[in-house]
Amino acid sequence: MIRRGAREGGGWRIVAALAVTQTIGYGVLYYAFAVLLQPMARSLDASIAAVTGALTGSVLAGAAAAVPVGRWLDRHGGRALMTTGSLLATALVAAWSQVRSVAQLYAVLAGIGITAAMVLYEPALAVVVSWFEPDRRARAVLGVIAIAGFASTIFMPLTGVLLDRYGWRTALLILAGVYGAVAVPLHALAVRGPPRLASQHHRATPPERAALVRAAMRDRRFWWLATAFVAHGAAMAAMTIHLVGFLVYKGHSATFAASVAGLLGVLSVTGRLLLTGIQRRLPVAVVVAVVFAVQAVAALGLLAAGGSRVGAALAVVGFGIGFGVASLAKPTMLADRYGTTAYATIAGILATPILLAKAGAPLAAAGLLTGAGGYPAVLAAVAVACLLAAVSIGARAAPGRA
């Protein structure tokens with residue numbers, strides 16, 4: 001048995017380690033792809049669309065692994081899973097550097113998607129949530145995702161430098177080495193399950209965890225939460241892919257469009273910090289619903305005022321404030337309502353449709369672009385999705401029987 005203060009002291013060391021591994025993990029396993037996309041397509045003699053499909057396949061593979069990963073975490077903790085996942089991810093990124101065909105690329109990226117489910121936010125936040133009591137949980141989660149929010153800011157330029165100097169294949173070998181050298185030992189040495197508090201006398205059995213999962217699936221508030229985060233995830237994915245194209249369509253230079261779109265990463269951290277501060281005074285669900293509604297207005301604002309530089313920048317700022325809010329709010333809201341005993345399984349169940357939405361939304365938006373609606377239809381769809389997310393969060397927060 002152990003006192004709360006001593007327990008959380010160990011928890012903060014895990015937060016520090018996971019903040020580092022998540023930053024490098026997202027940088028190498030996700031953001032590097034966008035930088036390497038065009039040279040890979042040229043080298044493999046394939047279209048951009050064909051190569052981009054490998055990333056969609058990677059996200060889908062991660063979605064398929066989310067629930068089994070969650071069940072493992074609830075039963076065995078994160079150390080073995082995350083250490084094995086980081087070893088496999090290192091090997092697969094190295095294999096990625098050697099692909100000679102689109103088929104090989106799809107196979108390797110599918111494997112990377114599965115390892116991402118073993119090492120990125122879902123398992124990392126499940127470990128963090130298990131260590132902290134409710135009053136400190138949000139701050140602990142923020143400690144991981146606020147740092148990891150800079151993954152694109154760090155690793156996209158770094159990958160670009162490596163690409164220019166060494167070519168995409170050697171760049172991936174270097175990134176694989178960096179990831180393996182940092183993530184493997186940190187996961188192996190720092191991640192561990194929390195000791196029981198002095199007030200805890202019982203460790204849940206598998207049937208008890210299964211009963212908690214079934215109860216969550218029967219809770220209508222879980223499905224309101226799922227609707228909110230699926231809709232919001234789809235909107236974020238569509239905006240991420242199509243914002244630069246929309247701004248160029250509105251007459252801005254590609255440089256300006258890319259610079260404004262680059263604000264989203266910094267703003268996501270800003271939004272997370274604001275949520276952490278405001279939630280001390282207001283319920284998390286109320287704050288998140290308001291943020292999602294502001295994003296809906298901002299998306300429509302892009303349509304109305306996106307032709308001017310000031311209008312475009314203001315609208316992107318309004319939208320970007322909510323860009324990273326879901327990754328902070330979701331684990332907090334899940335753990336507060338359902339506890340930590342079966343948290344990882346429940347979070348994995350919720351992650352599956354969110355990942356599917358993130359994979360499909362950019363393709364659906366591309367379909368709207370090729371139709372009669374064009375970019376106005378895409379922005380309108382993003383606004384509707386954000387509004388649906390706001391309404392669903394509000395419904396989840398409404399008083400009433402579960």
Side-chain angles (χ1 to χ4, degrees), residues 1-22 24-25 29 62 65-90 114-134 136-141 143-145 148 179-180 182-213 216 327 330-332 334-336 338-352:
M1 303 298 180
I2 190 167
R3 291 180 300 173
R4 168 175 163 164
R7 166 180 165 138
E8 291 192 352
W12 287 113
R13 288 190 288 273
I14 292 175
V15 166
L18 291 177
V20 173
T21 65
Q22 296 306 290
I24 300 176
L29 304 180
V67 174
V69 164
R71 288 174 179 158
W72 174 277
L73 283 163
D74 282 331
R75 294 179 182 180
H76 307 290
R79 174 186 279 178
L81 179 82
M82 298 186 77
T83 303
T84 302
S86 50
L87 281 167
L88 292 173
T90 300
I114 293 171
T115 60
M118 299 168 68
V119 299
L120 295 183
Y121 271 167
E122 294 301 332
L125 297 184
V127 170
V128 170
V129 162
S130 71
W131 271 85
F132 289 87
E133 295 298 298
R136 302 194 183 188
R137 191 174 288 144
R139 192 155 62 94
V141 171
V144 175
I145 65 177
Y179 179 73
V182 177
V184 173
L186 281 179
H187 288 156
L189 299 176
V191 175
R192 61 188 187 278
R196 285 181 289 172
L197 293 173
S199 60
Q200 294 176 323
H201 301 286
H202 174 69
R203 201 175 288 274
T205 64
E208 288 171 333
R209 283 193 292 267
L212 290 171
V213 173
S327 38
K330 179 162 61 73
T332 301
L334 280 179
D336 287 350
Y338 305 111
T340 60
T341 301
Y343 170 86
T345 301
I346 296 170
I349 292 170
L350 180 57
T352 300

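The basis for the numbers below is simple: all heavy atoms, side chains too, and nothing from hydrogens, waters or symmetry mates. The first residue in the sequence is number 1, and the count goes up from there.
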Asker: Is there side-chain contact between Glu122 and Val69, with at least one heavy-atom pair below 4.5 Å?
Answerer: no
Asker: Could you grab the distance from atom CG of Leu186 to atom CD1 of Ile14, nearest 0.5 Å is fine?
Answerer: 11.5 Å
Asker: A side-chain contact here means heavy atoms from C-beta on lying under 4.5 Å apart; do Leu81 and Leu73 qualify?
Answerer: yes
Asker: Can you measure from CG (Leu212) to OG1 (Thr345) and round to the nearest 0.5 angstrom?
Answerer: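 With rounding to 0.5 Å, CG (Leu212) is 10.0 Å from OG1 (Thr345).
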Asker: Restricting to ring-ring contact (aromatic ring centres under 6.0 Å, His included), what partner residues turn up for Tyr121, sequence neighbours left out?
Answerer: Tyr26
Asker: Apply side chain to side chain contact (heavy atoms under 4.5 Å, CB included) to the pair Arg136 and Trp131, showing each step before the final yes or no.
Answerer: CA-CA 10 Å; Arg136 302 194 183 188; Trp131 271 85; over 6 Å; no
Asker: Do Val129 and Leu334 have side-chain heavy atoms sitting under 4.5 Å apart?
Answerer: no
Asker: When you measure from the side chain of Arg137 to the backbone of Phe132, do you find a donor-acceptor pair of N or O atoms at a distance under 3.5 Å?
Answerer: yes
Asker: Supply the atom-to-atom distance Thr90 OG1 to Tyr179 OH, rounded to the nearest 0.5 angstrom.
Answerer: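 So the gap between those two atoms works out to 6.0 Å.
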Asker: Quick one: are Lys330 and Leu125 in side-chain contact, heavy atoms under 4.5 Å?
Answerer: no
Asker: Minimum heavy-atom separation for Thr352 to Val67, with atom names?
Answerer: OG1-CG2, 3.6 Å
Asker: Taking all non-hydrogen atoms of both residues, which atom of Leu29 and which atom of Ala89 are closest, and how far apart?
Answerer: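 Residues Leu29 and Ala89, closest heavy atoms: CD2-CB, 4.1 Å.
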Asker: Do you know the tightest heavy-atom contact between Ala117 and Ala65?
Answerer: CB-CB, 3.9 Å
Asker: Identify the two heavy atoms, one from Val128 and one from Ala140, that lie closest to each other, and give their separation to 0.1 Å.
Answerer: CG1-CB, 3.6 Å
Asker: Counting only heavy atoms not in Arg71, do more than 12 sit closer than 6.0 Å to its CZ atom?
Answerer: no
Asker: Of the non-hydrogen atoms in Ala344 and Ala126, which two are nearest, and what is the gap between them?
Answerer: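 Looking at all heavy atoms of both residues, the shortest contact is CB-CB, 4.0 Å.
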Asker: Please name the pair of heavy atoms, one in Val141 and one in Ser327, separated by the smallest distance, quoted to 0.1 Å.
Answerer: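 Distance-wise, the nearest heavy atoms are CG1-O, 4.2 Å.
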Asker: Can you tell me how far CH2 of Trp72 sits from OG1 of Thr84, rounded to the nearest 0.5 angstrom?
Answerer: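 So the gap between those two atoms works out to 8.0 Å.
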Asker: Any side-chain heavy atom of Trp12 sitting closer than 4.5 Å to one from Arg139?
Answerer: yes
Asker: Within this structure, what is the CG-CZ distance for the pair Leu189 and Arg13, rounded to the nearest 0.5 Å?
Answerer: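 One finds 13.0 Å between CG of Leu189 and CZ of Arg13.
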Asker: With a 4.5 Å heavy-atom cut-off, do His187 and Leu87 have their side chains touching?
Answerer: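 No, their side chains stay 4.5 Å or more apart.
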Asker: Any non-hydrogen side-chain atom of Gln22 less than 4.5 Å from a side-chain atom of Val119?
Answerer: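 With C-beta onward as the side chain, the pair stays apart.
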Asker: Atom CD1 of Ile145 and atom CG of Leu18: how far apart are they, to the nearest 0.5 Å?
Answerer: 12.5 Å
Asker: Are any non-hydrogen side-chain atoms of Tyr343 and Pro331 less than 4.5 angstrom apart?
Answerer: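 In contact.
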